[in-house]
Amino acid sequence: MSPKKFQNAVLNWFDQYGRTNLPWQQSINPYRVWISEIMLQQTQVSTVIPYFERFMHSYPTVDALAAAPLDEVLHHWTGLGYYARARNLHKTAQLVSSELSGQFPDNVPQLIELPGIGRSTAGAISSIAFKNQATILDGNVKRVLARFSATDGWPGKSAVVEKLWLIAETYTPFKRIADYTQAMMDLGATLCTRSSPNCEQCPLMKDCKAFKQGNPQDYPGKKPKKKLPVRTTCFLMIKNSDGPCC
DNA sequence: GATGCGTGGAA
DNA sequence: TTTCCAAGCAT
């Protein structure tokens with residue numbers, strides 16, 4: 001499937017079924033996109049929403065966040081987990097506020113330098129907030145692309161995730177980049193879900209390799225379980241039993 | 001390249 | 001009840 005066809009399929013689907021009412025999609029700016037992306041790391045949308053609302057109420061701008069004491073910021077984070085995110089958030093706010101005149105960088109290389117912002121979050125901020133041609137690869141997109149391309153292996157392995165990055169980049173469009181980024185996440189979140197994906201409604205169904213194989217649930221590959229040491233001898237004897245317990 | 005980091009929800 | 005994660009990143 002050509003990138004052009006892929007993009008059109010995804011964007012046409014987004015125009016009909018994409019999410020547009022999430023709190024961070026209202027009055028989009030780099031600060032709001034950044035906060036939402038950090039909160040959403042390894043954290044579900046329904047959990048994040050009330051935290052995002054309270055956070056924005058208390059800290060409407062990056063300067064307001066930078067001026068707040070760290071313990072107050074951490075208090076706003078209580079219950080969200082991964083508290084290093086909040087510390088990095090505060091550190092980055094102070095950095096942007098005092099050294100970058102309150103302006104976030106608009107490109108991936110500079111965004112990645114900021115504490116708490118990695119490759120995917122940088123791609124999200126650059127594409128959604130600045131409309132730059134940048135690529136994301138979060139859990140949703142990994143799932144969509146692993147299935148579409150039937151890429152084997154657990155994405156925790158660097159070789160696997162690098163394959164997925166390459167695929168993600170080849171399909172990233174130059175136009176409607178913000179919609180496309182959101183669309184890929186929406187596909188993963190609403191149709192191409194971890195269990196029982198709704199393939200019949202998916203705009204990529206006809207070209208999805210995993211669907212054609214009939215095993216979308218096998219992608220992405222799972223983390224290999226660690227083998228427990230084999231017990232060669234059992235010393236425990238159960239009372240009144242004839243042999244060892246195992 | 002493997003781990004640790006938090007909490008809540010689904011299988 | 002237990003296990004496996006869910007819009008990743010830093011070390």
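These numbers come from a predicted model, not from an experiment. Sequence lines set the chain letters: A, B, ... in the order given, protein chains first and strands last, and positions in each chain run from 1. Every heavy atom of this structure was used, including side-chain atoms; hydrogens, water molecules and symmetry mates were not.
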message = Does C:dC9 have its OP1 or OP2 closer than 4.0 Å to a side-chain nitrogen or oxygen of A:Thr121?
response = yes

query = How do A:Gln44 and A:Leu80 order along DNA chain B: which one's closest nucleotide is nearer the 5' end?
reply = A:Leu80

key: Closest to the A:Lys222 side chain, choosing from C:dA6, B:dT7, C:dC5   = C:dC5

remark   = A:Lys223 atom NZ is separated from B:dG1 atom C1', nearest whole Å, by 12 Å

query = Pick the nucleotide of DNA chain C nearest each of A:Ile112 and A:Arg194; which residue has the one closer to the 5' end?
reply = A:Arg194

N or O in side chain of A:Lys142 less than 4.0 angstrom from C:dA6 OP1/OP2 = no

request  = Decide whether a cation-pi geometry holds between A:Arg54 and A:Tyr51; the criteria are a distance under 6.0 Å from NZ or CZ to the six-membered ring centre and an angle within 45° of the ring axis.
outcome  = yes

query = Would you say the side chains of A:Tyr59 and A:Glu72 form a donor-acceptor pair under 3.5 Å?
reply = yes

ask   = Does C:dG8 have OP1 or OP2 sitting under 4.0 Å from an N or O in the side chain of A:Gln42?
value = yes

message = Any side-chain N or O of A:Thr47 below 4.0 angstrom from OP1/OP2 of B:dG8?
response = no

note = Note: A:Val33 and A:Ala129 closest approach over all heavy atoms is CG2-CB, 4.0 Å

inquiry  = Please tell me whether A:Tyr180 and A:Phe14 form a close aromatic pair, meaning their ring centres lie under 6.0 Å apart.
reply    = no

query = Is a donor-acceptor contact shorter than 3.5 angstrom present between the side chain of A:Thr43 and the base of B:dG6?
reply = yes

query = Could you give the OH-to-P distance, from A:Tyr82 to C:dA6, as a whole number of Å?
reply = 12 Å

